[in-house]
Amino acid sequence: MAATLSHQYHHCHNSISAIKLSEKRLTDSKPRTSIPIPSCRRKPKNSIENRRDSSLRRAIRNHVDSGQMREALEIFEKMDCSETYVWNLMIRGFTDNGLFFEAINFYRRMENQGIQADNFTYLFVIKACGASLSFFEGQKVHGKLFKVGLNSDVCVCNSLVSMYGKSGFIKLAGELFDEMPVRDLVSWNSLVGAYVAVGDGRNSLACLLDMQAFGMTPDRVSMISALKACSIECFIRSGKEVHCQVLKCGFELDLMVQTSLLDMYSKCGRVDYAERLFREISQKTIVVWNAMMGGFVLNSQPQKSFACLKKMQEDDNLSPDAISIINFLPSCAQFGAFLDGKSSHGYAIRKGFLPHVVLETSLIDLYGAFGKPKLAEYIFGQMEEKSLVTWSSMISAYVQNEQNEEALNLFLELLIKPLQPDAITLASVLPAYSEVATLKEGKQIHGYISKSEHRSNTYILNSLVYMYAKCGEPETARAIFDRILFRDVSSWNTIIMAYAIHGFGRKSIELFSMMRDEGIRPNYITFVSLLTSCSTSGMVDEAWRFYNSMKRDYNIVPGIEHYGCILDLIGRTGNLDRAKNFIEEMPLTPTGRIWGSLLTASRNHRNIELAEHAAEHIFALEHDNTGCYVLLSNLYAEAERWADVERIKSLMKQRGIKKTVGWSLVESTTSSKPYKFINQDKSHVQTNIIYDVLSILLRKIGEEKSVHGMIKLKPQDLKNNRAYSAENHSVRLAICFGLISTKVGKPVLVRKNTRICKDCHSVAKKISEITKREIVVGDSKVFHHFRDGNCSCGDYW
DNA sequence: ATAGGGTTAG
């Protein structure tokens, strides 16, 4: 706002030329095909040469106007021309046809050859600079203008304002505008557009008001920019005001204005208004169809988007272009129509739309959403040109498909590229850090964010809070939470959840009351976090209290997640009948997660029959639920029902289900990357020492088994024992390595991708006792803080 | 003879 109001607006009364110009532009049809008049007789050229040149000029112009730049260039090179007009023609041609760098190069060549540039030359080249975001080149041209005395030309200045806006230098655009000796309507529109270009809809609209205060009447271009400003800010009220102005000025039949109105309404969430406008547009171009399709996608109406794609071909005989496909693809994901997505990809290939950065990026999104990270990766790998959005999309595709390490590696690769991660990139990668990073790596990304411009972005800080909790430092999570400038409801939900996963239930409840004291209204997620906390901390009474309160006091209907937490708690008490009844009486259809809760409870209370019942339900819903197979098979193993164990095993084999490889991560002293141990891991360079430490500790604890004993077992015993023996489980190896590679007094931090087993849990407790070290193990559900022989989870997890 | 600002895209 301040930037606009600071403008000095001198000479604004001088608007006669502006009115003329805007009137002229209202009938906006350029006589592009008019025959060029031969240039006035100049130098000693004979008439034959003159005639020849003029026909060549005409040929160039025809090629330029029909987009055949190669042909135009061919003629140009043959005629060896020193006429400014022809050079201008070429530069304009390149710019109009999207060949911005060629345009800039041509201008350079012109300079080198000493050919006089004029105001037209500068206009075209500045336009090319703006479109290609070549800020430095644009600034050089700007400097040159002073030398040649064109720095006050109103057209040139207008295009400079626009160029600075497009390159993101809004301050320069504003300053230039302020300093212009003469301003017309286009100058104002350029500034309005510049604000839109940097995503500042507020100032764009403020500028629109200012221009009217200075006696300028907005024209159709002003309206189009203003509507875009409204969509950026989701200002539907302003949008409607502009709509009224459109009607008052009689622009309602202007196709571009109509399209902009349609787009504004759908971006502001009123796709119904957009649809009504759409129906009234008589001349539906591909842009109109695309905008409508985009509106349906944005407002999650994939069916209608599908219908659009069909109808644009049937009704108007238009064939979808690259933008149509870009708009259409998300609706395939929304609709779960993988085949349609894939065939759109095929269509794009057949139509020759590829390579195309935006389209390819959309395809990465598509395949990411459909659980095909390999396909996304393929597209990413073969792309010639990648934008920051491309990288963010690929990172996000990995994260969505639980390929967190790939996401981290790709992010690190991005950091050494000239592209700077933006808020979206960071928001995409942070969940990957939460899942698989160690504290050291977490601190690195935190440091990076602190130094970036995103250091006070609430959304990102919320992710950081969660990340610290998941990396094992709830205190740091809290410290960051405390320093968030603008805490939203997610900030509170996150810190409550942070304490929940560490089993600090009291803390969660404390934060919940602080949240209420600050007048933040809890939402659905808040109660998921709270109930999770009650469940991990075993606070049964509190859980019921919150459960009742959410309906009564906040009018929030409990969802499946809430029922899951309550069920966990019932299961924990061991009242399995009650748990079973609870599921039956639930008003919602039980999900795999619900049956999983019953399965865990049955396992912990050794009720094989009920476990089988739960597992049956899980398999009916998710035949590929690996955890369910493993849990069931472990249950049988504990009961020494080896035949059943074998049955489950062959079932898994038959259905092509592979056991998730369990791993434990621990920071490494020798490398910046953490070390990932798997069960029976022997790959670490310090393997011998690690196993020696483990052996000594186990002997002290009294688990009198040799850790190298596995080798001595008979093959048959090995077969039965190996998978179920906890002796060399990854978590133990990680703890031992942690003990010898971290400073005494510091806790040993280990992260696991699966639940910790009972044996390892009790071993960890004892290790914490005899080594007098705090050991923190974050498994796939909760964190275990082992200290002095006890665990924070209270031996239930 | 050529102008400047403006519609759909991740």
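- Counting non-hydrogen atoms under 4.0 angstrom, A/V257 reaches nothing in the nucleic acid.
- Among the nucleotides B/dG10, B/dT8, B/dT2, the one closest to any side-chain atom of A/F124 is B/dT2.
- Side chains of A/E275 and A/Y265: a donor-acceptor N/O pair is absent below 3.5 angstrom, by distance only.
- A/Q116 has its CD atom 20 Å from the P atom of B/dT2, to the nearest Å.
- Rounded to an integer number of Å, the gap from CG of A/L89 to P of B/dA1 is 14 Å.
- The base of B/dG10 lies outside donor-acceptor range of the side chain of A/S362, with no N or O pair under 3.5 Å.
- Remark: the A/T390 side chain and the B/dG10 base include a donor-acceptor N/O pair separated by less than 3.5 Å.
- Under 4.0 angstrom from either OP1 or OP2 of B/dA3 there lies no side-chain N or O belonging to A/K127.
- At a threshold of 4.0 Å, the pair A/R276-A/D272 does not count as salt-bridged, since none of the basic side-chain nitrogens sits closer than that to a carboxylate oxygen.
- A/K372 forms a cation-pi arrangement with A/F338, by the criterion of a distance under 6.0 Å to the ring centre and an angle within 45° of the ring axis.
- Rounded to whole angstrom, the span from the CD1 atom of A/I126 across to the C1' atom of B/dA3 amounts to 11 Å.
- Residue A/L123 has its side chain nearest to B/dA3 when only B/dA3, B/dA9, B/dT2 are considered.
- The base of B/dG4 lies outside donor-acceptor range of the side chain of A/D153, with no N or O pair under 3.5 Å.
- As rounded to whole Å, 15 Å separates atom P of B/dA9 from atom CD1 of A/I325.
- Atom CG of A/N88 is separated from atom P of B/dA3 by 10 Å (rounded to the nearest Å).
- Among the nucleotides B/dA9, B/dT2, B/dG10, the one closest to the side chain of A/T361 is B/dG10.
- Distances were taken from every side-chain heavy atom of A/K228 (C-beta onward) to each of B/dA3, B/dA9, B/dT8; the shortest belongs to B/dT8.
- For A/D65 and B/dA1, the CG to C1' distance is 12 Å, given to the nearest whole Å.
- Listed by first then second residue, pairs satisfying side-chain hydrogen bond (donor to acceptor under 3.5 Å, both in side chains) with a partner in residues 116-135 of chain A read A/N88-A/D118, A/N88-A/T121, A/D118-A/T121, A/S132-A/S134, not counting sequence neighbours.
- One donor-acceptor pair, N or O on each side, does fall under 3.5 Å between the base of B/dT7 and the side chain of A/T259.
- Straight-line distance from the CE atom of A/M216 to the C1' atom of B/dG4: 14 Å, rounded to whole Å.
- In this structure, A/R183 places its CZ atom 21 Å from P of B/dG4, rounding to the nearest Å.
- Among the heavy atoms of the strands lying under 4.0 Å from A/S162 are primed sugar atoms or P, OP1, OP2 only; no base atom is included.
- A cation-pi arrangement is present between A/R183 and A/F177 under the rule of less than 6.0 angstrom and at most 45 degrees off the ring axis.
- Of all nucleotides listed (B/dT7, B/dT8, B/dA1), B/dA1 comes nearest to the side chain of A/Y85.
- Regarding contacts with the backbone of B/dT7, every side-chain N or O of A/K267 stays at 4.0 angstrom or more from both OP1 and OP2.
- Counting only heavy atoms from C-beta on, A/D118 has its side chain closest to B/dT2 among B/dG10, B/dT2, B/dG4.
- Of all nucleotides listed (B/dT2, B/dG4, B/dA9), B/dG4 comes nearest to the side chain of A/V154.
- Note that A/R109 lies in the cation-pi zone of A/F106, set by a 6.0 Å cut-off to the ring centre and a 45° limit from the axis.
- Among the heavy atoms of the strands lying under 4.0 Å from A/D365 are primed sugar atoms or P, OP1, OP2 only; no base atom is included.
- Checking B/dG10, B/dG4, B/dT7 against the side-chain heavy atoms of A/V287 singles out B/dT7 as nearest.
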